[in-house]
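Below is one structure, written out as structure tokens, with a few remarks after it.
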Amino acid sequence: MIRMRKLTYLCSLITCSALPNALFASEFNPLNSRFSSPIENLFNLPAMSETQLLSSGQQRVQLKAEVVSSAVTMDQKSELVRFDGETWRLTPSWAIGFDGGWQITAEFPLMRHSSGFLDNSIDKWHEVFNFREGSRDDFPRNELVYGYQNGSTTDYLITDDEDGLGDLRLQVSKTLSEETPITLHLHIKAPTGDEDKLMGSGSWDVGISASYLKTALFEVESLAFAAEVGQHYLGDSDQVRNQKNYLTTLHTGVFWAVIPNVTLKAQLESHTKVSESELEPIESEALQTSLGVTWITESQHQWELAFTEDIKTDSTADVTFYLEWGIYF
């Protein structure tokens, strides 16, 4: 009897390892990590888009929580920037699928800029993983200063906690065909955030992107590769000098379903300059990496835990911690 149970268990493991890509379908969507420096937050740039969309009539509700820590100071010629603080973002999200491979997704970010309390913990985090500290060692702990000065003019300066609604985002996605693993996306951002509080850019933005997913990477059913390239038009913001109106994003990711319903994810994400400046945090030509894990329960609840790290140093937010809960129905 014991031998029979062991044999049954072994057969079950072999069967699970050989299941087709459909088992891992919803787990091969990317982490929802964003570019989150004080400058990038103004434009609420889209995260890496999913290629496997919801089926017709299927819906998904998500609640995403992010804690973003920035710590950089830099001056060059007449420019001076200091970003030191934490931004907390809570984003309810709703998506629905339609016939013909269509999907609509809406996000409603709630934001708070604060002095926070994570600086000492992040110092230890960087020490454990041997990440670069950048300017972090130069600052007092747990304070809020989001400031930029050009010549004698200060464009913005936040030293007190601020909270409010960010810029709403709508995404319309369309799968080209069942045979083609490419999905097109239209991104629209509405100026609902208060730009004086650095909650939004004060303008409408629009963009298009194409995402690609290769399942059974290297003929291994549990491995997948994703990529996305996008072109975005950013409306003029009074908060950003010498702003560029056109921005390109490029994302890649590798996903590994280590066991059914649990997937490890690694992503590399970048975008071109937001503005012309001698200071890297202001021009924000960013490069970051995101690492995380997704777990989908049998009852179609999804949990995701991830972190994002600036690997170019001072090009985007220092570190972001991300937690997501979602449900499919």
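The chain is numbered in sequence order, starting from 1. Quick note: numbers below take in every heavy atom, side chains included, and nothing from hydrogens, waters or symmetry partners.
Side-chain contact check for Ser270 versus His251: every heavy-atom pair is 4.5 Å or farther apart. With contacts defined as side-chain heavy-atom distances shorter than 4.5 Å, the pair Thr308/Phe321 does not qualify. Using a 4.5 Å cut-off on side-chain heavy atoms (C-beta onward), Leu168 and Pro109 make contact. Counting only heavy atoms from C-beta outward, the side chains of Phe98 and Ile96 approach each other to under 4.5 Å.
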Arg60 and Ile327: CA distance, side-chain angles, deciding distance, side chain to side chain contact (heavy atoms under 4.5 Å, CB included) verdict: CA-CA 6 Å; Arg60 180 184 65 217; Ile327 184 170; over 6 Å; no
Worked check of side chain to side chain contact (heavy atoms under 4.5 Å, CB included) between Leu90 and Leu63: CA-CA 7 Å; Leu90 184 66; Leu63 189 62; 3.9 Å; yes
Could you check Asp161 against His113 for side chain to side chain contact (heavy atoms under 4.5 Å, CB included), going step by step and ending with a plain yes or no? CA-CA 5 Å; Asp161 291 2; His113 301 305; over 6 Å; no
Could you walk me through whether Val206 and His232 satisfy the side chain to side chain contact (heavy atoms under 4.5 Å, CB included) test, starting with their C-alpha distance in whole Å, then the side-chain angles of each, then the deciding distance to 0.1 Å, before giving a yes or no? CA-CA 6 Å; Val206 64; His232 308 270; over 6 Å; no
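With values rounded to the nearest 0.5 angstrom, Asp167 atom CG is found 4.0 Å from Lys189 atom NZ. Taken from CG in Leu54 to CD in Gln103, the straight-line distance is 4.0 Å, to the nearest 0.5 Å. In this structure, the separation between OG on Ser290 and CG on Leu31 is 6.0 Å, given to the nearest 0.5 Å. For the atom pair OG (Ser275) and CG (Asn242), the distance works out to 7.0 Å, reported to the nearest 0.5 Å. Atom CZ of Phe108 sits about 9.5 Å away from atom CG of Leu165, to the nearest 0.5 Å. Between Leu144 atom CG and Thr87 atom OG1 the span is 8.0 Å, to the nearest 0.5 Å.
Side-chain contact check for Gln302 and Tyr328: at least one donor-acceptor pair (N or O, by modelled atom type) lies under 3.5 Å. For the residue pair Gln62 / Glu324, a side-chain donor-acceptor distance below 3.5 Å is found, with atom types taken as modelled. Between the side chains of Gln149 and Asp75, not a single donor N or O lies within less than 3.5 Å of an accepting N or O. Side-chain polar atoms of Glu228 and Ser209 form a donor-acceptor pair below 3.5 angstrom. For Ser211 and His185, the side-chain atoms include at least one donor-acceptor pair closer than 3.5 Å. His187 and Gln171 share a side-chain donor-acceptor pair at under 3.5 Å. The closest side-chain donor-acceptor pair between Ser70 and Asp318, if any, does not fall under 3.5 angstrom. For the 3.5 Å distance criterion, the side chains of Tyr148 and Glu79 qualify, holding a donor opposite an acceptor. The closest side-chain donor-acceptor pair between Thr91 and Ser93, if any, does not fall under 3.5 angstrom.
Counting non-hydrogen atoms of neighbouring residues, nucleotides and ligands closer than 6.0 angstrom, the OH atom of Tyr233 exceeds 12 such neighbours. Residue Phe218 places its CZ atom among 12 or fewer non-hydrogen atoms of other residues, nucleotides or ligands, all under 6.0 Å distant. When the shell of 6.0 Å around CG of Leu186 is examined, it contains more than 12 heavy atoms from other residues, nucleotides or ligands. Taking a 6.0 Å sphere around CH2 of Trp325, one finds it holds more than 12 heavy atoms contributed by other residues, nucleotides or ligands.
Using cut-offs of 30° and 60° for the angle between ring planes, the His271 and Phe35 rings count as perpendicular. Below 30°, between 30° and 60°, or above 60°: for Phe83 and Tyr146 the angle between ring planes is above 60°, a perpendicular geometry.
A salt bridge links Glu107 with Lys64: at least one charged nitrogen is closer than 4.0 Å to a carboxylate oxygen. Salt bridge Arg34/Glu269: absent, no basic N to carboxylate O contact under 4.0 Å. With respect to the salt-bridge test (charged N to carboxylate O, under 4.0 angstrom), the residues Glu280 and Lys312 qualify. The existence of a salt bridge linking Glu283 and Lys273 is confirmed by a sub-4.0 Å separation between a basic side-chain nitrogen and an acidic carboxylate oxygen.
Within the structure, the salt bridge (charged side-chain N to carboxylate O under 4.0 Å, His left out) test picks out the following pairs touching residues 229-257 (sequence neighbours left out): Asp155-Arg241, Lys244-Glu276.
Cluster membership check: Leu305 does not share its hydrophobic cluster with Val68, using side-chain heavy-atom separations under 4.5 Å among Ile, Leu, Val, Met, Phe, Trp and Tyr.
Between the side chain of Asp205 and the main chain of Gly235, a donor-acceptor pair closer than 3.5 Å is present. Thr192 places a side-chain N or O within 3.5 Å of a backbone atom of Gly166 that can act as its donor or acceptor partner.
Under the side chain to side chain contact (heavy atoms under 4.5 Å, CB included) rule, Phe225 has a single partner from Thr215, Leu213, Val254, which is Val254.
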